[in-house]
Protein chains: 2
Amino acid sequence: MDPGYVTLEQVAEHAGVSLATASRVINGSTRQVSQRLREKVEASAHQLGYLANASAQTLARNSSSLMGLVVHDIADPYFSQIAAGVTRYAEELGLVLVLGTTNRSPQEETRIISALRAHRAKAIVIAGSRTTSEETDARLAKEIEAFARQGGRVALVSQATLPADTVSPDNRSGAAALARHLVDQGHRRFAILAGPTNLRTARERLDGFHSALSAAGLELAHHNVVHGDFTRDGGYESTQRLMTLGTDATCLFAVNDVMATGAIAALRDMGKSVPEDLSVAGFDDIPTLRDLTPTLTTVRLPLEEMGERAAALALDSEYRGEPRVISVEGTIMSRASTASPKG
Amino acid sequence: MDPGYVTLEQVAEHAGVSLATASRVINGSTRQVSQRLREKVEASAHQLGYLANASAQTLARNSSSLMGLVVHDIADPYFSQIAAGVTRYAEELGLVLVLGTTNRSPQEETRIISALRAHRAKAIVIAGSRTTSEETDARLAKEIEAFARQGGRVALVSQATLPADTVSPDNRSGAAALARHLVDQGHRRFAILAGPTNLRTARERLDGFHSALSAAGLELAHHNVVHGDFTRDGGYESTQRLMTLGTDATCLFAVNDVMATGAIAALRDMGKSVPEDLSVAGFDDIPTLRDLTPTLTTVRLPLEEMGERAAALALDSEYRGEPRVISVEGTIMSRASTASPKG
DNA sequence: CTACTCTGGGAAAGAGTTTTCCCAGCGGTG
DNA sequence: CACCGCTGGGAAAACTCTTTCCCAGAGTAG
């Protein structure tokens, strides 16, 4: 009998006004309501403990106060950092954040977006590297378009390969700058933990690093580039493979910090010390990892800020032009895990 | 003109059946629909690209497919680990996860829960230590009760101080076991980074540690217990304070891992080495921190699993009895950051 | 004093589903 | 063959809001 909630109709009745008036008071429409009635309604609403039914509002307005965030894995500090930024922005605007995790599966990605579409979410931020699969991109582009037709907006934190606003880390130039820094430090022979072959982020960082080496007249031996998972364990395992096969490199570049962490762990387990036996550099500058020993030389990305900016793009509902791309530069953080090679 | 979506009515019309029949086909009600019509409807739905309007469904059913998760700070690995567990469970059941972050503010906490109530969420998992404020608990209990009256369920990951199912780490016995382990290692004088005074988790760990020391006939000097923020920086700053005042302890227990991380960083910055000059132990066993040097002696909690179990409790919608409490034991992980004291 | 405009109130029509209720038709039973 | 129960289909009510539309009354200009 007690449904546990109060409807606007009950508030209106209690205040002795019409449903329309009550609605106008509670949400503040364009229409004025007299001071007298306004106060009556507010008093009744408060007294009865009125809480608007969000789905009824969504249905009536055909737009909700939901905002979506899609990540690969929320336990990965890279994503949880971005999530913190998006969260902050959403919360400031009184929006409710829906979190979807894809576990790196494109099907999951589209599934989540269509769920958000079904909920009439206002905007979606999709974080995480695009793959090199054109087909996946095409399917996703279709979802995004459907979402846009409904009046929603999408922003990405990744590569600008889709028809949506994008906050895009400049992986190439960051990796290139890092390469130059390491060359300046005296390194000539490098090994790279290049991550998965089909991940654009990984590839761009590899490319940037590689081309800076070429520009400096240095070669990157084929056997010094190993691919593996984009995770800590992927880094560990890739490093083991690299070292087992043998390498002449004096510096190891892992295309992200969590892989670099795995690399350092693997090297330690093999009795090598960093940076004496081998320098190690990463990419991202994950805050949780800043207390690693040795401290990691890396390229800092302002992840939380990137999340916030993506949220801002996605929620900028007036904008109706071409997709915008905000490029974010990384800054070199030179720390203890790299040093001039001996000899 | 093109609203960007197709309604069930359009599907029904396209298939030449009534709205009722179409609804019965799409969601599979108790009522049967003949094979012939069923196929027609399915074909039409697929052809038109029908996607049900989630808010209309929620309104009609008075129950949504949303599940809430409330954490203090998603960038904190403790919470992102729990979040991963909750996410996995929710996704398995096809539920959509709503993430709320409180920034440790009780007002935010109730605000988020009432938002979830407004959305007719099925269940909520609230993670994070309760404070010692009875008043806050009372207000939260009221929200939880309102949510329950509406047919929702709540589960907590923390202390069982509220009328809801709880997954509760046994902080006291974990800390006590750790204390005994460290005493066995030869330590007699301890310092403790005890975190905030009003956080139950912090207090329980302090208590457990303390009482194990008492049981072993050891005293804990008052000046060796310092309070501070429950974060990495809190640990750093607390350690500085402790060391500046001077301590005779041979072992430092930080009541969580992120504080222990700050402690180790502070000690390193002061030129002290761990564990030679001072042993350091933590609590939680955050996976992201397992590559710290020295590796951290700590009490492992199965965080992801705890998240999953809390989600399971919250979504066990048949259950209508007394609040259940699942106690989770920690296991001692003895690693390199603690060693027998010299002398 | 009429006519017109503005203001604020309420009735009612949506919004897209689910579900209840009614009914036609059919097969089985006595 | 009358009656009953069952099956499956559709009409319409219900869910809770927002917003359009209509109207009464007040104010103003001519």
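Chain letters run A, B, ... following the sequence lines, proteins first and then strands; every chain starts at 1.
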Between C1' of dG9(D) and CD of Gln35(B), the distance in whole Å: 16 Å

At under 4.0 Å between heavy atoms, what does Thr7(A) touch on the DNA or RNA strands: base, sugar-phosphate, or nothing? sugar-phosphate

Which part of the nucleic acid does Asn62(B) contact within heavy-atom distance under 4.0 Å: base, sugar-phosphate only, or nothing? nothing

According to side-chain hydrogen bond (donor to acceptor under 3.5 Å, both in side chains), does anything in residues 44-59 of chain B pair up with another residue at least two apart or in another chain? List the pairs. His14(B)-Ser44(B), Asn53(B)-Ser55(B)

Between Arg153(B) (side chain) and Tyr319(B) (backbone), is there a donor-acceptor pair under 3.5 Å? yes

Respond yes when some side-chain nitrogen or oxygen of Tyr5(B) is under 4.0 Å from OP1 or OP2 of dG16(C), and no when none is. yes

Distance check: side-chain N/O of Gln57(B) vs OP1/OP2 of dG16(C), anything under 4.0 Å? no

Of the candidates dT17(C), dG10(C), dT18(D), the side chain of Val17(A) sits closest to dG10(C)

Send over the distance from Arg120(A) CZ to dA15(C) C1', rounded to a whole Å. 10 Å

Comparing Leu59(B) and Arg31(B) on DNA chain C - which has the more 5′ nearest nucleotide: Leu59(B)

To the nearest angstrom, how far is Ile26(B) atom CD1 from dG16(C) atom C1'? 13 Å

Tell me whether the side-chain N/O atoms of Asn27(B) come closer than 4.0 Å to OP1 or OP2 in dT17(C). no

Classify the nucleic acid contact of Leu19(B) as base, sugar-phosphate or nothing, counting any heavy atom under 4.0 Å across all strands shown. base

Does the side chain of Thr201(A) pick up a donor-acceptor pair with the side chain of Gln159(A) at under 3.5 Å? yes

If you compare every side-chain N and O of Ser34(A) against the phosphate oxygens of dG9(C) (OP1, OP2), does one of them come in below 4.0 Å? yes

Glu13(B) CD - dG16(C) C1' separation (whole Å): 15 Å

Could you give the CZ-to-C1' distance, from Arg61(A) to dT19(D), as a whole number of Å? 11 Å

Could you state the CG-P distance from Asn53(B) to dT16(D), rounded to the nearest angstrom? 17 Å

If I take atom CD in residue Gln32(A) and atom P in nucleotide dG10(C), what distance separates them, rounded to the nearest angstrom? 15 Å

Is a donor on one side and an acceptor on the other found under 3.5 Å between the side chain of Asn198(A) and the backbone of Thr131(A)? no

Within the structure, does a side-chain N or O atom of Ser18(B) lie under 4.0 Å from either OP1 or OP2 of dG9(D)? no

Pairwise 5' ranking along DNA chain D for Arg36(B) and Thr21(A), keeping only the more 5' one: Arg36(B)

Pairs satisfying side-chain hydrogen bond (donor to acceptor under 3.5 Å, both in side chains), at least one member in residues 65-75 of chain A, at least two apart: His72(A)-Thr102(A)

Could you give the NZ-to-P distance, from Lys40(A) to dG8(C), as a whole number of Å? 17 Å

Is a side-chain donor or acceptor of Ser168(A) paired with a backbone partner of Ile326(A) at a separation under 3.5 angstrom? no

Does OP1 or OP2 of dT17(C) have a side-chain N or O of Tyr50(B) closer than 4.0 Å? yes

Nearest nucleotide by nearest heavy atom, which residue falls closer to the 5' end of DNA chain D, Ala20(B) or Arg24(A)? Ala20(B)

